[in-house]
S.K.: 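My structure is below; once you've seen it, I'll send some questions.
Predicted, not measured: the structure shown is a model, and the values here were computed from it.
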Amino acid sequence: MKKRNFLLTGAAVVGGSWLLQFWRSPSTNTAIAVDTNSPDQFNQATKRYKIMKTEEEWKQILTPEQFKVLRKHGTERAFTSPLDKEYSKGNYNCAGCDLPLFTSDTKFNSHTGWPSFFAPIEGAIGTTVDNSLFMQRVEVHCSRCGGHLGHVFNDGPNPTGQRYCMNGVSLKFVPA
């Protein structure tokens with residue numbers, strides 16, 4: 001076997017085993033309630049929230065993009081949300097259930113293209129582990145309806161050092 005083929009085979013084996021750990025590990029991402037069309041949907045929910053709706057009910061009150069992000073863990077394109085550059089005084093509420101999540105006092109410009117905050121309102125959010133995209137991240141969701149908001153990273157400013165990188169479409173700005 002040529003040295004080049006040996007190295008390529010070794011890299012493929014190492015890479016394949018690394019990928020396998022993500023495919024075989026049990027999913028810990030149970031934040032969003034299961035929205036099925038079965039009559040027993042609420043008994044199948046992975047977690048109970050104060051606001052529980054069927055997939056069809058969510059589709060009636062959310063735009064298609066909001067539904068994709070809040071209910072299907074989607075991500076809006078960077079630099080497309082007007083909330084990224086919104087710096088007026090007020091609150092940023094969940095677009096799904098109107099729960100206040102962040103205040104304008106905790107917002108900062110992270111230069112990532114998404115609205116970013118260094119701290120949520122106490123009790124407003126929940127987190128789960130997200131193993132998608134071949135990495136481990138901390139997903140942020142609304143504590144009242146379970147809607148997917150974005151992710152939190154440990155590269156934010158003081159005083160918390162955290163960056164809550166939120167999808168603007170999952171938020172609604174309410175001026176003070």
S.K.: For the backbone of Glu76 and the side chain of Asn167, can you confirm whether one donor and one acceptor N or O come within less than 3.5 Å of each other?
M.R.: yes
S.K.: If you measure from CD on Glu139 to CG on Asp130, what distance do you get to the nearest 0.5 Å?
M.R.: 5.5 Å
S.K.: I'd like to check Arg163 versus Phe108 (side-chain heavy atoms, cut-off strictly below 4.5 Å). Are they in contact?
M.R.: yes
S.K.: When rounded to the nearest 0.5 angstrom, what is the spacing between OG1 in Thr75 and CH2 in Trp114?
M.R.: 7.0 Å
S.K.: Rounded to the nearest 0.5 Å, how far apart are NZ of Lys53 and NZ of Lys59?
M.R.: 15.0 Å
S.K.: Same hydrophobic cluster for Val169 and Trp58, using side-chain heavy-atom links shorter than 4.5 Å among ILVMFWY?
M.R.: no
S.K.: Hey, does the side chain of Asn91 reach the backbone of Asn93 with a donor-acceptor pair shorter than 3.5 angstrom?
M.R.: no
S.K.: Flag the pair Lys72 and Glu55 as a salt bridge only when some basic side-chain nitrogen lies within less than 4.0 angstrom of an acidic carboxylate oxygen.
M.R.: yes
S.K.: Nearest heavy-atom pair of Val69 and Ser170: which atoms, and what distance?
M.R.: CG1-CB, 4.1 Å
S.K.: Treating Glu57 as the side-chain partner and Thr54 as the backbone partner, does any N or O pair qualify as donor plus acceptor under 3.5 Å?
M.R.: yes
S.K.: Glu86 side chain to Ser88 main-chain N or O, any donor-acceptor pair under 3.5 Å?
M.R.: yes
S.K.: Of all heavy-atom pairs between Cys142 and Leu99, which one has the smallest distance, and what is that distance?
M.R.: SG-CD2, 3.9 Å
S.K.: In the single-linkage hydrophobic clustering (I, L, V, M, F, W, Y; side-chain heavy atoms under 4.5 Å), do Leu149 and Phe67 co-cluster?
M.R.: yes
S.K.: For Tyr87, is there any backbone N or O sitting under 3.5 Å from a side-chain donor or acceptor partner on Ser104?
M.R.: no
S.K.: Are Ile125 and Ile51 connected into the same hydrophobic cluster when the rule is that any two of I, L, V, M, F, W, Y join if their side-chain heavy atoms are below 4.5 Å apart?
M.R.: yes
S.K.: As an exercise, state the distance from SG of Cys145 to CG of Leu70, rounded to the nearest 0.5 Å.
M.R.: 6.5 Å
S.K.: Does Leu101 belong to the same Ile/Leu/Val/Met/Phe/Trp/Tyr cluster as Ile121, with side-chain heavy atoms less than 4.5 Å apart forming each link?
M.R.: no
S.K.: Is Gln66 close to Ile61 at the side-chain level, that is, under 4.5 Å between some pair of heavy atoms?
M.R.: no
S.K.: Please answer: with hydrophobic residues joined when any side-chain heavy atoms are less than 4.5 Å apart, are Met166 and Leu83 in the same cluster?
M.R.: yes
S.K.: Has the side chain of Ser116 got a donor or acceptor atom that lies under 3.5 Å from a matching backbone atom of Ser110?
M.R.: no
S.K.: In Å and rounded to the nearest 0.5 Å, what is the OG1 to CZ distance from Thr112 to Phe79?
M.R.: 6.5 Å
S.K.: Taking the inter-plane angle between the rings of Phe117 and Phe102 on a 0 to 90° scale, is it parallel (under 30°), tilted (30 to 60°) or perpendicular (over 60°)?
M.R.: parallel
S.K.: Is there a side-chain contact (heavy atoms from CB on, under 4.5 Å) between Arg137 and Val129 once you walk through the steps?
M.R.: CA-CA 6 Å; Arg137 301 177 293 173; Val129 175; over 6 Å; no
S.K.: Please give me the minimum heavy-atom distance between Ser143 and Gly123, naming the atom from each residue.
M.R.: OG-O, 2.8 Å
S.K.: Atom CG of Asp84 and atom CG of Leu171: how far apart are they, to the nearest 0.5 Å?
M.R.: 11.0 Å
S.K.: Should the pair Arg144-Asp98 be classified as a salt bridge under the 4.0 Å nitrogen-to-oxygen rule?
M.R.: no
S.K.: Applying the side-chain contact (heavy atoms from CB on, under 4.5 Å) criterion to Lys107, which one of Tyr164, Phe173, Tyr92 satisfies it?
M.R.: Tyr92
S.K.: Set out, in order, the CA-CA distance, both residues' side-chain angles and the distance that settles ring-ring contact (aromatic ring centres under 6.0 Å, His included) for His148 and His141, then state yes or no.
M.R.: CA-CA 5 Å; His148 169 75; His141 57 88; 9.0 Å; no
S.K.: Show your working on side-chain contact (heavy atoms from CB on, under 4.5 Å) between Lys89 and Thr103 and close with a plain yes or no.
M.R.: CA-CA 8 Å; Lys89 291 285 185 195; Thr103 67; over 6 Å; no
